[in-house]
Each structure stands twice: as structure tokens, then as C-alpha cells.
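Written below as C-alpha cells is the structure these notes are about.
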Amino acid sequence: MNLVTLEHVSKQFSERLLLDDVSLTINRGDRIGLIGINGSGKTTLLRIIAGLESADAGQIVRWGGVRVHYLPQEPQLDETLTVLDVLFHSDSPTMQLVREYERAVVRLQHAPTDPDAQAHFAHLESEMNRLDGWAAETNAKAILARLGISDFDAPVSILSGGMRKRLALARVLLEMEDDETESAASLLILDEPTNHVDADTIDWLEGYLLNVPAALFMVTHDRYFLNRVVNRIIELDRRQLVSYPGNYTRYLEQSAERHERLVKAEEDRRRTLRRELEWLRRGVMARGTKQKARIQRVAELQQIRYDSLQDRVAMRLAGRRLGKKVVEVRGLRKAYGDLRVLDGLDFELAPGDRIGIIGPNGAGKSTFLDLLAGVQEPNAGAITWGETVQLGYYDQRNIELNDAERVLDFIQGEAELIRIQERNRPRWLQDDADLHLMDAAQVLEWFLFPRPQQQARIGALSGGERRRLYLLRTLIHRPNVLLLDEPTNDFDIQTLTVLEEFLDHFRGCVIVASHDRYFLDRTVDLLYSFEPGAIVRGPYPGPYETYRQLREAEGPARSETRDGKGMARSETGHSGATPRVAPRQPALRRLSWTEQRELAELEARIEELETQKSSLQSEVNASGDDYLRLAELAEQLQAAEGALDAATERWFELAELAWQS
């Protein structure tokens, strides 16, 4: 069943064309994930489909009385209401009935002998029985609780932005449930529903959305969420919509194939253009109409240029060299009034450590990063940084940027280093052979700011683009310790991919607070869990699924322990109480000297085998129709893969013993 159809829709803001003659069909049963670079027009497309914004051209048709429910990025809620009142004032017929019933109860209490009040109350009571309105409030509270909202009488005015987003999500879900109860077709449109939501809640939301019959059209950067929930990916790419059947994994495969075809088409275009230009230069005589057609074809070929994404390579600005001492934290305490956030926390960071911090909002993750960065002062305790540390901190605060300044000028003013010429390289950079010095324009291109946009004023950038510029400013100063506070909240998948590739080449330490399971799995090695009550648990080995299984295996009873890096995990209920230290589980055994040596040799061996495998694969691809050579190479490749698997398996075995000891 077709729900919504877009035909030849175009949309432009000022001089910026966002949608150019696009068409789209949304059917019942569709679960569509929309991806695209920040500022490309994703939210605009959602608002057009929801009927909140008009198109400049084209037609939008909503079929069969479909009901559209829309969750915006920044919901506007009535601040005079309480949390539960927001749900009662929703468009949900059942919740409206509950609200009317509550009013009728109050009216009858004030005028118990009024026949009109009695009749109205009796009618509403009958409707409550018919529609099972008695369960509506219970259901509403259950959804709020699953989204992390427990104070149902709290006024909206005191809620944080993240809490408001979750409250609005609860309202949209309840409205959608009412439509499905009435057998009305629903389209649920969600703009970044996973922002400001912890991993456990995202897990619940995944299961919830998989079990609702409504069609789904959403924007999210959470790639695990996309992988598990959607059955179709639509990419907003260069003002066009490109549809890919399947989940995010299938999208990656199909997108790679598409870009390979486009690269080939670009190569063909350039060859044809060279041939046509050469023909024109020679001034070959021909009939006027034929020559005019050739000139027109050259003009068209010059205008059509496919961006092969070669410019969108990851930044490879290697971090500054880092000494043996990074940071040492002892007895860190922080409280806001009676609310204890950190209580006697000990922590050490070794060179090369990549730490992920997870936990619900309000558990102290951002406070911990602020304390490390010196943005806030602790109530007690000491933080000692190593002498070689160059700190970079990307936080969640709104940044002050000069809207009148050009993007290129801003980056050039921030990063003199990247404009140093080879002949002027400072002595302290002589050993950094893999450092690529480049100009600001190149760096901006790598971070998805094309050359024309670099000349734009900062005031013309979208919110996500401004945050991307702020992140770039953090990275180009070449820190060797990076603190990242919820970096995935503001960025599209393309930007996250660039950041992840940068971190692949980053040689320093990383501490990242995030709810994005994919990003954590991709970038960190160990996880610490910050929990309400000044409780910090860890470390847990990645990936996130391993952490989840270990937490489930731990059970409800957990005593305070201290890990090898010194991160205290306190469960004492009172500030200042002497913590009880539970004995560590006995280690299996320590590695012998021979095994330690073998572990080190295996790391070099694995790297050598991976290089050999890659080289053999390239030779296979280049062998063409030489079947004898192909057979020989295939045999060598199989042997290399077997050796790599065996070496990797042995490395895991020894590394596990080393970690546990």
C-alpha cells in the first residue's frame, strides 16, 4: 500500500539548492533510513514529507488518509505543562479521552448533584471502558520510564534538551499506537531519535520499532540502529535521492559498487572530452550543424563532473609525540550540592590507551571530561598531566564563531602549522616522516567542505556544519591526547567515517564519551561504565556486545574493585565512607618470558602476513586471463590467509593471558 509519493520535488534556500527534481515513494512496511552530509537537506526533506514545509516545485501526495507523526530534532513543548500533561495534550485520541475524563472527575467532585456533570462523566466512563483508556496512563508511564524519564510530575521548563527530546518521542510513539489501534495507516518520521539517548534505551527502541506496523522514515547516525531496524537506505547525495534496498551493511556494499561505476564513467567522460577538444583544436572541416553539436557536447562534458570521493580521504595529521606519562588522577571528587557525581576516583592513562565512557545521561561522563580538561575544578583530588601532553577537547557546548568570517579564513587563522612549507619545517618535525603538510583548503576538503563552500561565511553553515568546523579546529592543532564528548550527536555518517579514519592513524590517547555503539567498537579498546551514585565500573574489553554480556554475567551484586590502570569502581552509599575492597579473582597465570617474547614477535608477524595477503590480492586482481598464474597466486593467498588466521588465534590466546594477569 502506497502511503506518500513525491514527484519531481525541488527545494532551494537562498542560493543553495537542496533538492533537485527528486522523486520518492514510501509504502506500508517500509523502514527507511535517510543518510547524507549535514546541511544537505535531510531535515528539510522530512519536513516536506510531514507537510510542515512546502516544496518550490513538484507534487507531494499522501494516499488513503495516512496519518503522519513527526519527531523534530528540537521539539517545541509547552513549558507550563508537566511531563504527563504533555502526553495528555497530544494528538492521541486515547490520551485526550483520559484528559477529558480527569477533568470530568474534577467537575463532578465540585458539583456532585449537577445532572449535566453526571451525564458527561457517565459518557466518558463508558468510552474509557470501550477504548481501554484505563491502561493508557499506565502505558504512557511505561514508555516514559523506558526512555529514562521517571519524574512524571516534573514541569517541562526544568527539563534538559535531551529529556525534552525523549518526552517528545514518547508522545509521538503513543500517538502512533492509537492510529494502529484504529487500523489507520501511519507513517512515523523521526529526526535523530537516538541523540541524547543511552545505549540501553536505544536497544529498547530498536525492539519497539521492529514490532510496530507503522512505516518508518528516519534520520540517524547510529549505524547499528540502521543495521537492525531499516530495510531500505536512501542517500541524499548531490541534491538527488539514491535508494538502496537492505540495511546499512548492504548499503555499504551497494554504494561502493555504485561509486566504482561512477569512477569508471568519470574516466570515460575525461577521455571523450580530450578527444572532442582535440578534434576542435584541429579545426576539422564539417557541416555547421555537426560542428555545433560537437561544441555543445564538449560544453556538457565539461559541466558533468563526478566527485569520486578521492578528495574525502581521512586526515592523517599524526599526533605529537607522547611521553611515558600521560595523566594520573587520584581521589577525584565532584558534587553539585547534595548530588555526588564522582567520589574518590582514581585513574591512569598509559600511552596509546583508547578509552570509551558509557552510561546514562547525568552519570558524570561530561563532568569527568571537563575536570580532565580543566574546564571545571574538582572538590577534592589531583589531576597530573605529563609534560609532553598536548590536549584537544571537543565538548558539547555551543561555540562562539564569527558569522561574518569565511570558512577558509577561519581555518587558516587557527592552524598556521598546516601551511608550513617543506623547506621551513621545524627541527622537532624532522622525525615525523609520515606527516603530510598541506594547506588549509586541502584539510577542509578532507573534512567535507568543498572548495566553493570554503568561501562561504560561517553564518551560512547549518548547525551540523558548524560543529564539524569546530571539530576540525580541535584536530588541526595536532593534539596527542583527545577528549571527545558525544561526538556522534552532531554529525552525519560521512563525517563520522572521516573522524574514524583519522583516529585509525592517530598515535595518541583517546577518551570518548558516547552512546554510539558502532563508533565505540570502531575507535576504543576498553569501556568504563559511569552510573548514578558516583559508581564507575571497568575496564571491560570491547566490543560493546562483549561488555553487555560481561555485565549480565556479573549479576546484581558488585563490590568495589580496582583495575590494573587504577580506575576505582565505588559502590559505597555515603560520601567519605571507607570503601570495601573485594579480592580480585585469581589470575589464570602470568606469561612466561618465552611467551612474552612470542607475543611481541606475533605482532610483527601478523603485520607482515597482512601486507603479504594484500600484495597477493593485488596480484590476483591484476592477473587478467593468465589462469596458470592465477592458480599459483590463489594457492599462495590461501596459505597466507591460513598462516594469518593461526598467528592471530595464537596472539588472542596470549593477549588474553597477559590482560588477565
Side-chain angles (χ1 to χ4, degrees), residues 198-199 319 322-330 332 334 341-342 344-361 363-375 378 381 383-386 388-396 471 474-475 479-489 496 499-500 502-531 534-548 550-551 561-570 655 658-660:
D198 60 65
L322 189 60
K324 293 184 178 180
K325 180 178 180 180
V326 183
V327 68
E328 183 179 286
V329 176
R330 290 292 177 261
L332 195 65
K334 183 66 178 178
V341 180
L342 299 172
L345 180 66
D346 293 341
F347 175 67
E348 290 180 5
L349 197 63
D353 278 352
R354 291 175 173 239
I355 305 296
I357 301 176
I358 57 179
N361 294 324
K365 303 187 299 297
S366 295
T367 298
F368 178 58
L369 295 182
D370 276 352
L371 292 170
L372 290 180
V375 176
I383 301 173
T384 308
W385 287 97
T388 61
V389 168
Q390 180 72 23
L391 187 65
Y393 183 26
Y394 174 84
D395 58 30
Q396 296 189 63
L471 174 61
T474 303
L475 300 182
N480 50 26
V481 177
L482 262 178
L483 308 181
L484 302 174
D485 192 5
E486 297 291 358
T488 63
N489 272 355
L496 290 177
L499 176 58
E500 288 162 356
F502 167 78
L503 292 175
D504 285 344
H505 300 278
F506 184 66
R507 297 182 295 180
C509 294
V510 179
I511 303 179
V512 53
S514 178
H515 299 306
D516 190 317
R517 300 154 296 175
Y518 187 103
F519 185 80
L520 290 171
D521 287 352
R522 183 76 168 73
T523 58
V524 305
D525 302 316
L526 297 172
L527 296 172
Y528 288 92
S529 176
F530 278 51
E531 301 174 13
I535 298 170
V536 179
R537 296 192 178 100
Y540 298 92
Y544 180 84
E545 184 61 23
T546 299
Y547 152 78
R548 189 185 64 79
L550 289 173
R551 285 300 305 271
T561 57
R562 188 179 299 273
D563 68 83
K565 293 184 183 299
M567 176 69 92
R569 291 167 285 174
S570 173
W659 180 76
Q660 293 187 12

Nearest-0.5 Å distance, NE2 of residue His515 to NZ of residue Lys365:
4.5 Å

Out of the candidates Leu482, Leu484, Leu499, Val512, only one should pair with Tyr394 under the side-chain contact (heavy atoms from CB on, under 4.5 Å) rule; please name it.
Leu484

Verdict with reasoning, Leu496 to Thr488, per side-chain contact (heavy atoms from CB on, under 4.5 Å)
CA-CA 7 Å; Leu496 290 177; Thr488 63; 3.7 Å; yes

Would you indicate whether the side-chain heavy atoms of Ile535 and Arg537 approach each other to under 4.5 Å?
yes

Roughly how far, to the nearest 0.5 Å, is CG of Leu349 from CD of Glu328?
11.5 Å

With rounding to the nearest 0.5 Å, note down the distance linking CZ in Arg548 to CG in Leu527.
13.0 Å

Donor on one side chain, acceptor on other, Tyr547 and Arg551, under 3.5 Å
yes

Check Pro541 against Leu526 and note the closest heavy-atom contact, atom names and distance.
CA-CD2, 4.1 Å

Please verify the inter-ring angle class for Phe530 with Phe368; under 30° counts as parallel, over 60° as perpendicular, anything in between as tilted.
tilted

Taking every heavy atom of Ser514 against every heavy atom of Leu520, the minimum-distance pair comes out as O-CD1, 3.6 Å

So do Asn361 and Asp198 actually touch side chain to side chain, heavy atoms under 4.5 Å?
no

Can you tell me how far the OH atom of Tyr544 sits from the OG1 atom of Thr546, to the nearest 0.5 Å?
11.5 Å

To the nearest 0.5 Å, tell me how far Ile511 CD1 sits from Asp485 CG.
11.5 Å

What's the spacing between Arg330 CZ and Glu348 CD if we round to 0.5 Å?
4.0 Å

Within the structure provided, determine whether Leu371 and Leu342 are in side-chain contact (heavy-atom separation under 4.5 Å).
yes

Can you check side-chain contact (heavy atoms from CB on, under 4.5 Å) on Ile355 and Val524, steps first, answer last?
CA-CA 5 Å; Ile355 305 296; Val524 305; over 6 Å; no

Given side chains that start at C-beta, do those of Leu391 and Leu483 come closer than 4.5 Å, heavy atoms only?
yes

Of all the heavy-atom pairs spanning Cys509 and Ala350, show the shortest one and how long it is.
SG-O, 3.2 Å

Could you tell me if the side chain of Pro487 sits less than 4.5 Å from the side chain of Asp516, heavy atoms only?
no

On a heavy-atom basis, which atom in Pro378 and which in Lys334 lie closest, and how many Å separate them?
CA-CD, 4.3 Å

Begin with the C-alpha distance, continue with both residues' side-chain angles, and end with the deciding distance and a verdict on side-chain contact (heavy atoms from CB on, under 4.5 Å) for Asp353 and Val326.
CA-CA 10 Å; Asp353 278 352; Val326 183; over 6 Å; no

When you compare the side chain of Thr523 with that of Val510, does any pair of heavy atoms fall below 4.5 Å?
no

Heavy-atom nearest pair, Phe506 first then Pro479, reads CE1-O, 3.1 Å

Side-chain contact, heavy-atom cut-off 4.5 Å: Val327 with Ile383?
yes

Side chains of Arg522 and Leu503 in contact at under 4.5 Å (non-hydrogen atoms):
no

